[in-house]
Every structure is written in C-alpha cells, then in structure tokens.
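Remember, predicted model here, so these are calculated numbers, not experimental data. For ligands, and for the atoms within them, numbers begin at 1 and follow the listed sequence.
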Amino acid sequence: MNYQFDFRPYRRKFVRGVATSHGVWEIREGIILRLTDETNKVGWGEIAPISWFGSETLAQAWDFCCHLPQEITEETIFSIPDQLPACQFGFESALFSPPTPHTPPTPLTHSALLPAGELALQAWENLWQQGYSTFKWKIGVYPTPVELKILDLLTQSLPASAKLRLDANGGLNQEQAKLWLESCDRCKANIEFLEQPLSVDEFPVMVELSQRYQTAIALDESVATLPQLKYCFQQGWRGIFVIKPGIVGSPSRLRQFCQQHEIDAVFSSVFETAIGRKAALQIAVELSRYNRAMGFGVDHYFVEEEGVERWGV
Ligand SMILES: O=C(O)CCC(=O)c1ccccc1C(=O)O
Ligand SMILES: [Mg+2]
C-alpha cells in the first residue's frame with residue numbers, strides 16, 4: 001500500500017509554564033502528519049519530541065519529514081531509525097489509528113499534574129473536585145529544605161485516600177535523593193513513588209536506593225526510549241518504568257517488549273495534542289497493569305486545542 005504523506009507544524013502555548021528541574025517550558029511545538037491511502041482513507045499522527053528528555057529534536061524530526069517523498073510505504077515507516085523515536089511513534093500511529101474527537105481524561109484512572117513549589121498547595125483541590133485522586137508534583141525545582149516543608153503541608157492537606165507521585169526529573173544529587181526518600185519513608189501519606197531522582201548516568205545508584213528505601217522509585221528519563229528501556233530491564237531493574245509512548249519509539253515494538261516481560265509500567269503524557277494522545281492512550285490502556293493511574297491528567301496546562309493547526313478535518 002502507498003500513502004500520500006503531508007505534514008504541518010504546530011505551536012501551543014502552555015497556560016502557565018511547566019517548571020521542572022530543567023527550567024520552565026513555555027511552548028509545546030510539534031508536527032501533525034497525515035497519511036492518505038489509495039482508497040482515500042486518512043490516518044493522523046503526531047510527532048511531539050522532547051529533546052531535553054532524550055528524544056530527537058524538533059528540527060531533526062522536521063528535517064526527516066522534509067526529506068521523505070510525497071508517497072511513502074509501510075516499509076518507509078518501519079525502517080525509521082531508533083534515533084528518531086518520536087517520528088517512529090507519529091508515523092506508526094497514523095498508519096493504525098483513525099482519528100476521533102478529543103476525549104477528556106477520565107480522572108479516575110489518571111494522575112493530575114500539579115505545579116512545582118507551593119502552587120501545588122492550592123492547585124490540588126480543584127483537580128480533586130474533578131475526580132482525580134492521584135497527583136504528581138514536580139520537585140528539584142526549589143531548594144530541598146523548602147520543598148520538604150511544602151511536602152509536609154501538602155501531605156497534611158491531601159485527603160487520606162489520595163496518592164502522591166514526586167517527580168525530580170533527574171535533578172537531585174545523591175544526598176538530596178536520600179533526604180527525599182527518608183522523608184517519604186517517614187511520611188504517613190500515600191507516596192506512590194519518587195520518579196527519576198538522579199540523572200540518567202547514575203542508574204546504578206538508583207538501583208541501590210531502590211533496595212535501601214521503602215518508597216518505590218520509578219525510572220523515567222532513564223527509559224525515555226525503547227533501547228534504554230531494554231537496557232535497564234537487562235541490567236535488572238524491576239521497579240517502576242514510566243513510559244511516554246509519544247517519544248519511546250515504535251508502538252508495535254513497545255507492545256512486543258511489554259508483552260514479553262511483565263514490567264510495572266506507568267504511562268505518561270508528553271503534552272501531545274488530541275491526535276498523539278489518542279494513539280498514546282490506546283497503547284497505554286492495552287499495556288497497563290498493576291492498577292497504576294496513567295499520567296495524562298495535563299489538560300489544565302492548555303487552553304483547549306488552541307494553536308493546533310489541522311486541515312481536512
Ligand atoms: O507523567 C505525568 O503524570 C505527566 C507528564 C509529565 O510529567 C511529563 C510531561 C512531559 C515531559 C516530562 C514529563 C515527566 O514525567 O517528567
Ligand atoms: Mg518524569
């Protein structure tokens with residue numbers, strides 16, 4: 001089968017910048033692609049890279065699209081190199097998933113993202129009222145003692161049945177990571193896990209920490225792409241794996257790996273539009289186990305689908 005290939009860039013400004021230990025992220029940019037087959041059936045896909053996280057850059061993805069011919073085949077798609085994981089996801093999902101209108105996340109099965117710092121203290125309540133009971137708070141943004149005090153206040157104010165995830169985005173040093181894990185171990189509230197406390201090159205230390213503390217550790221940046229995920233699994237990681245379908249790579253190869261090894265996976269958004277989200281959720285729902293909430297409760301970071309250029313829909 002031959003497909004006609006078209007693509008367009010998009011830009012969406014966050015309602016408020018997303019603060020992580022890497023700094024503040026203001027604008028989500030990506031590429032929407034369209035494949036039209038010989039019977040005029042249309043498939044949509046999205047390429048939404050996060051280069052600071054370990055995927056290709058938007059420029060590399062754009063360059064790849066620009067160098068493709070107007071007509072491509074399945075073979076073109078399945079031979080996209082591993083260096084372009086967000087492209088693998090975008091093209092493969094366009095091949096397999098027909099578009100449907102945007103469906104808001106079901107709060108019961110999703111985790112809602114809280115803003116960093118003390119803003120979290122006022123942000124959770126509205127999200128709780130929407131039905132969310134799992135929250136993720138970005139840490140490693142302010143000094144550890146400041147954030148630990150906020151953690152105290154946050155865990156005292158959250159309802160007892162709420163679960164809290166902490167995400168350091170690799171921004172802690174070993175000493176800080178230990179302080180966080182000790183605080184979490186002492187905390188009476190339900191801390192589901194500490195996500196990526198240390199940088200990717202400190203994987204062996206995270207293995208040690210995961211054996212030394214009660215609080216679970218989840219790898220995220222360390223398993224950004226499928227080759228990294230396979231590497232950490234081979235090295236013996238049996239803790240939690242955060243998987244971002246939008247940048248991890250080929251959905252079919254991800255499916256193969258997850259079905260072969262029963263890993264404890266938490267699926268997570270890359271702030272994609274409704275197009276990427278639908279494809280990401282499809283694989284997330286299929287591969288989720290252990291009752292882990294999915295990290296797609298991020299709609300409150302955007303004003304609807306504003307700024308997303310679509311055509312022919
Ligand atoms: O996983 C979630 O709950 C929300 C999504 C999220 O935190 C995120 C979104 C884009 C880039 C990185 C991350 C992250 O988990 O570090
Ligand atoms: Mg993370």
Side-chain angles (χ1 to χ4, degrees), residues 12 14-30 46-58 85-86 89 105-117 119-120 123-124 127 130 132-141 162-172 177 180 191-200 202-203 206 216-225 228-229 232 239-248 264-273 276-277 280-281 283-284 288 292-302:
R12 296 168 90 191
F14 293 112
V15 173
R16 52 169 174 236
V18 181
T20 72
S21 62
H22 296 267
V24 183
W25 186 8
E26 303 281 358
I27 296 168
R28 199 328 150 224
E29 292 181 285
E46 175 174 352
I47 304 171
I50 317 179
S51 56
W52 57 263
F53 206 88
S55 83
E56 70 271 49
T57 63
L58 179 61
F89 169 79
T106 13
L108 261 182
T109 53
H110 287 270
S111 160
L113 189 61
L114 298 174
L119 284 176
W124 69 265
L127 293 158
Q130 287 175 41
Y132 289 102
S133 57
T134 300
F135 301 94
K136 179 153 111 177
W137 184 41
K138 294 289 190 187
I139 64 165
V141 178
K163 283 187 198 171
L164 184 64
R165 301 170 171 181
L166 305 175
D167 187 1
N169 284 106
L172 306 179
W180 276 101
I191 311 277
E192 190 180 3
F193 52 75
L194 171 61
E195 187 170 318
Q196 196 73 33
L198 305 176
S199 65
V200 171
E202 291 181 287
F203 171 70
M206 289 191 279
I217 293 178
L219 298 182
D220 190 10
E221 279 86 341
S222 289
V223 294
T225 64
Q228 290 175 288
L229 177 64
C232 290
I240 301 159
F241 297 82
V242 177
I243 298 178
K244 294 176 159 50
I247 55 167
V248 79
D264 187 353
V266 172
F267 290 86
S268 162
S269 160
V270 294
F271 297 118
E272 55 278 90
T273 75
R277 174 198 197 91
L281 279 176
I283 188 124
S288 282
R292 299 266 184 211
M294 293 175 278
F296 285 82
V298 296
D299 270 6
H300 51 292
Y301 276 84
F302 292 108

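- Nearest approach of Ala19 to Val141, heavy atoms of both residues: O-CG2, 4.1 Å.
- Taking distance alone, with nitrogen or oxygen atoms compared against 3.5 Å, Asp167 approaches ligand 1 more closely than that limit.
- Looking at atom 11 (C) of ligand 1, its nearest protein heavy atom turns out to be Ile50 CD1, 3.5 Å.
- When you scan the N, O or S atoms of Glu195 for the one nearest the Mg ion (ligand 2), you land on OE2.
- Residue contacts with ligand 1: Ser111 is placed with no nitrogen or oxygen under 3.5 Å of a nitrogen or oxygen of the ligand (distance criterion only).
- The shortest N or O to N or O distance between Ser268 and ligand 1 is under 3.5 Å.
- A donor-acceptor pair under 3.5 Å is absent between the side-chain atoms of Glu221 and the main chain of Ser199, judged by distance alone.
- If you look at Val18 next to ligand 1, there are no close heavy atoms at all, none under 4.0 Å.
- Closest approach of Met206 and Pro197 over heavy atoms only: SD-CD, 3.8 Å.
- For the Mg ion (ligand 2), the set of nearby N, O or S atoms under 2.8 Å includes one belonging to Asp220.
- The main-chain N or O of Gly54 is never found under 3.5 Å from a side-chain atom of Trp52 such that the two would form a donor-acceptor pair.
- Geometrically, Arg28 does not engage Phe302 in a cation-pi contact defined by less than 6.0 Å to the ring centre and at most 45° from the axis.
- Between Arg277 and Glu272 no salt bridge is recorded (no basic side-chain N to carboxylate O distance below 4.0 Å).
- Atom 16 (O) of ligand 1 has its closest protein heavy atom at Asn169 ND2, 2.7 Å.
- Counting protein heavy atoms only, atom 13 (C) of ligand 1 is closest to Lys244 CE, 3.3 Å.
- Closest protein heavy atom to atom 3 (O) of ligand 1: Gly295 CA, 3.3 Å.
- Within the 4.0 Å heavy-atom criterion, neither part of Val242 lies near ligand 1.
- Looking at Asp167, its N, O or S atom nearest to the Mg ion (ligand 2) turns out to be OD2.
- Note: Asp220 CG to Ile240 CD1 = 11.5 Å, rounded to the nearest 0.5 Å.
- Atoms of ligand 1 lying under 4.0 Å from at least one heavy atom of Ser269, given by number and element, are 5 (C), 8 (C), 9 (C), 10 (C).
- Only the side chain of Phe53 comes within 4.0 Å of ligand 1, judged by heavy-atom distances.
- Each of Lys136, Arg165, Lys138 was evaluated against Glu195; a single residue qualifies, Lys136, per the salt bridge (charged side-chain N to carboxylate O under 4.0 Å, His left out) test.
- When each atom of ligand 1 is checked for a heavy atom of Asp220 under 4.0 Å away, the hits are 14 (C), 15 (O), 16 (O).
- Using a 4.0 Å heavy-atom cutoff, Met294 is absent from the residues neighbouring ligand 1.
- Among all protein heavy atoms, the one lying closest to atom 2 (C) of ligand 1 is Lys136 NZ, 3.2 Å.
- Side-chain atoms of Glu29 do not come within 3.5 Å of backbone N or O of Leu58 as any donor-acceptor pair.
- The main-chain N or O of Pro115 is found under 3.5 Å from a side-chain atom of Trp137 such that the two form a donor-acceptor pair.
- For the residues His22, Arg28, Lys138, Arg165, the heavy atom positioned nearest atom 14 (C) of ligand 1 is part of Lys138.
- With hydrogens and angles ignored, the 3.5 Å screen pairs a side-chain donor or acceptor of Ser55 with a backbone N or O of Ile50.
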